[in-house]
Amino acid sequence: MATSLVFRLHDRGPELLREVLLERGWREYDGRRHGEEDWNLYWRRSTFPSSKYHNLLPWQRLNHHPKTAGITRKDSLVRNLRRMRATFGSSLYDFSPTTFLLPKDSTHFLSEHNKLARGRPVYWICKPVDQSRGRGIFIFEDIKDLVYDCSVIVQRYISSPWMISGYKFDLRIYVCVKSFHPLTVYIHQEGLVRFATEKYSLRSLSNLYAHLTNTSINKSGPFYKSEKGRVGQGCKWTMSKFRHFLQSQHINELLLWQRINSMVTLTLLTVAPSVPSCPNCVELFGFDVLIDSEFKPWLLEVNYSPALRLDCQADISVKKGLIHDLIDVMNYTWTDSLRDRAYQNQNHRRRQPCFGRSLHVSLPTLSTWKGLVVQRKKKHKNASQTQSRHRALGFDHPSLILPFAARYKTINTSAKETCTDPTVNRILGPPSDTDVSAVNRQMGSDVDSCQMRKSLRVTEVRNQDDTETEAETVLSGEADGSKFKGSGDSTWLPNIHSGSQQRVQPRVRRPKAQNGLDVPPIRVGGFIRTFPFNTATLKASQHKLDIPIIARELQKLTSQLASGPSDETRWTKQDEMYGEEQFDSLLWGPKDPPLLSRSFKPT
């Protein structure tokens, strides 16, 4: 029986994630029964130590990318948006209110406040840079009311928000970044609409129940359970309910969603070039968006670990499906087969040291592989420790070495005998004399050639700054999780996922490669791929991000939608928008989103 998937939760939470994974047949990590490396998903609310990213095994996932605090800390987000605005213009990065970092920008803030306050009231909102759930936030008009004892941001308060029945609201948009290299972004169709629980009024700036939409504040308010016009009881709607409301108001819904989509992409672009590549990470962000009375969306903040608590029925409707879909995006079925190899053979189980403690690891027969040399360039200061650690664990079997986070360099070996398996020969080609001599020197001539060539698949790749060439296993799974690709070729691995799953992972259509570039699945459950959205952005996101091209394509798409969408006609100049081949991409927003190519009037 195959090894079950194992999840590891930091500080025992969140409870909803535990419930979903147990439903799917996973087991929870137990340090008394499991080895240090015997887990598939490690979930933390806080950041991971850098060593966790360096030492990931092919079957393991983390729920955070490294170095994303550049958008999730309020002060860092301000600095990065300010830098991008200076580089690409305020007309592109116009979705964030005027903001100052205090005490550093005190002089500039006073000057701006005095300039704007001439003859008309101007309102500001003050937020601690590293707090969440509305803690420490207050709104003021008179500069004398600005009192703070820590680093804060002071932001121009959007004093004319769009309201429903007189109540202020914002949107919690759930964004999944599958990869930063290349940038791959999904937005979930479901989200939350969060309401203040008292009617909006500028006459009472101290009434947080009227001005803040944070659930942690409003659920303790006196009118939380009261009926509030169209809002009803509580303080949340699902995004589906909000869409019905939009349709009743005859609002250009597609344009609104595309503006939010562009905001999400442009925000992620501020940090994408600086985030190290880590293909074993998938991150869920919570984007908080406010819509003003002119139907313009504004970015309020980006949440690092959006809350997964279930406070009301809207939370249950949205968050449980969200977590199921996020696990599907992680695509575990083929990677778990590698973990299964490392732990399945009970007859060859042996004890190996791992950082001062013992770990049970069951391994395939290693006698024919003894002496295989694996070298890794010392890109990280702990590279030698990592290499020794993997050898100590017994992971010197080539089928286990190759996928290690695409960081290792190995000898491209083959055997003297010709492989008799036609599938392997078709995929790998005939062995070269250099390969044969390398194998003979390292391992002797009594090697099972066919089995070895099935295991070894290496592609030379260069990192972004072209200063180091590494060996990388090119693994890009199909949406159903059962396909394994390498350098454009493919072979099938068995689906070894076990457990009584109540939810079947959906098969989704993966678009064909465009001009040799791999296209991510168009959707996974409720997640809609919003970037890349055409051939131009796909090319611009490969290798080194070409932000000017991406910005141009976003502006082009938004302007097309602003001129008037049409679901009845097809865009006729697809060669201009999508290149020579059709690039399938859905427009995020509507419950049943149309293809982008069906959302434009012909010109």
Side-chain angles (χ1 to χ4, degrees), residues 3-69 71-72 132-133 172 174-180 184 186 188 190 275-276 278-287 302-311 315-316 318-333 335-336 338-339 405 477 481 497 499 501-503 505 524-527:
T3 307
S4 296
L5 294 166
V6 175
F7 65 93
R8 184 174 182 177
L9 302 182
H10 183 67
D11 291 340
R12 299 288 300 166
E15 186 58 37
L16 175 62
L17 180 65
R18 175 183 288 105
E19 177 185 333
V20 167
L21 291 174
L22 291 175
E23 257 185 36
R24 296 171 68 103
W26 289 51
R27 294 183 181 179
E28 186 165 5
Y29 178 85
D30 184 344
R32 295 168 297 181
R33 296 188 299 108
H34 295 104
E36 181 66 25
E37 307 296 339
D38 191 9
W39 50 267
N40 297 93
L41 172 63
Y42 193 176
W43 186 286
R44 290 175 64 113
R45 292 191 182 96
S46 57
T47 58
F48 285 99
S50 59
S51 60
K52 282 294 181 186
Y53 296 105
H54 297 158
N55 301 331
L56 279 176
L57 302 176
W59 55 79
Q60 295 177 329
R61 293 284 187 275
L62 302 179
N63 71 308
H64 294 300
H65 288 280
K67 298 184 179 180
T68 57
I71 58 174
T72 57
S132 60
R133 294 180 288 176
R172 167 60 61 87
Y174 292 105
V175 177
C176 172
V177 179
K178 182 69 162 54
S179 167
F180 276 97
T184 308
Y186 291 85
H188 205 269
E190 273 297 2
V275 174
C278 193
N280 287 37
C281 299
V282 174
E283 184 148 12
L284 182 69
F285 295 102
F287 278 66
V302 181
N303 291 270
Y304 184 72
S305 290
L308 296 178
R309 297 184 305 274
L310 301 181
D311 294 319
D315 281 340
I316 297 172
V318 171
K319 294 179 181 179
K320 193 165 185 179
L322 172 74
I323 296 301
H324 273 295
D325 292 340
L326 184 66
I327 301 303
D328 289 339
V329 169
M330 292 181 181
N331 192 13
Y332 270 99
T333 50
T335 50
D336 185 56
L338 299 173
R339 172 180 170 269
H497 181 75
Q501 285 185 310
Q502 297 180 14
R503 178 186 173 95
Q505 182 173 339
V524 180
F527 279 110

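For clarity, every value in this text was computed on a predicted model and none was experimentally measured.
Note: Q60 CD to N40 CG = 7.5 Å, rounded to the nearest 0.5 Å. In this structure, NE2 on H324 lies 8.5 Å from CG on L21, to the nearest 0.5 angstrom. Distance check: L308 CG to I323 CD1 gives 4.5 Å after rounding to the nearest 0.5 Å. With values rounded to the nearest 0.5 angstrom, Y186 atom OH is found 7.0 Å from K178 atom NZ. Remark: L17 CG to K320 NZ distance equals 12.0 Å, nearest 0.5 Å. A distance of 9.0 Å separates CG of L62 from CE of M330, quoted to the nearest 0.5 Å.
Closest non-hydrogen pair, F48 versus N63, comes out as CE1-OD1, 3.3 Å. When all heavy atoms of V282 and C176 are compared, the closest pair comes out as CG1-SG, 3.5 Å.
Put simply, the side chain of H64 gets close to the backbone of R44: a donor and an acceptor are under 3.5 Å apart. One N or O on the side chain of E283 and one on the backbone of H65 form a donor-acceptor pair closer than 3.5 Å. Checked by atom type and distance alone, the side chain of K319 pairs as donor or acceptor with a backbone atom of A307 at under 3.5 Å. In this structure, N280 contributes its side chain and L57 its backbone to a donor-acceptor pair below 3.5 Å. Put simply, the side chain of W39 gets close to the backbone of E36: a donor and an acceptor are under 3.5 Å apart. With hydrogens and angles disregarded, a donor-acceptor distance shorter than 3.5 Å links the side chain of S305 to the backbone of R45.
For D328 and R24, the salt-bridge test passes: some basic side-chain N is under 4.0 Å from an acidic carboxylate O.
Considering only heavy atoms from C-beta on, V175 stays 4.5 Å or farther from V302 through its side chain.
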Stepwise side-chain contact (heavy atoms from CB on, under 4.5 Å) check, R172 with V318: CA-CA 11 Å; R172 167 60 61 87; V318 171; over 6 Å; no
side-chain contact (heavy atoms from CB on, under 4.5 Å) evaluation trace for L326 with Y174: CA-CA 10 Å; L326 184 66; Y174 292 105; over 6 Å; no
Residues V20, W26; criterion side-chain contact (heavy atoms from CB on, under 4.5 Å); working and verdict: CA-CA 9 Å; V20 167; W26 289 51; over 6 Å; no
Test log, rule side-chain contact (heavy atoms from CB on, under 4.5 Å), inputs L322 and L284: CA-CA 10 Å; L322 172 74; L284 182 69; 3.9 Å; yes
Output side-chain donor-acceptor pairs under 3.5 Å for residues 7-15, partner residues at least two apart or in another chain, one line each.
residue: R12; atom: NH1; partner: E28; partner atom: OE2; Å: 3.0
residue: E15; atom: OE1; partner: R18; partner atom: NH1; Å: 2.7

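Shown here are the ring-ring contact (aromatic ring centres under 6.0 Å, His included) partners of F527, two or more places apart in sequence or in another chain: H188. Residues passing the side-chain contact (heavy atoms from CB on, under 4.5 Å) test with D311, sequence neighbours excluded: T215, K219, K236, R309, D315.
Atom NZ of K52 has more than 12 heavy atoms from other residues, nucleotides or ligands within 6.0 Å.
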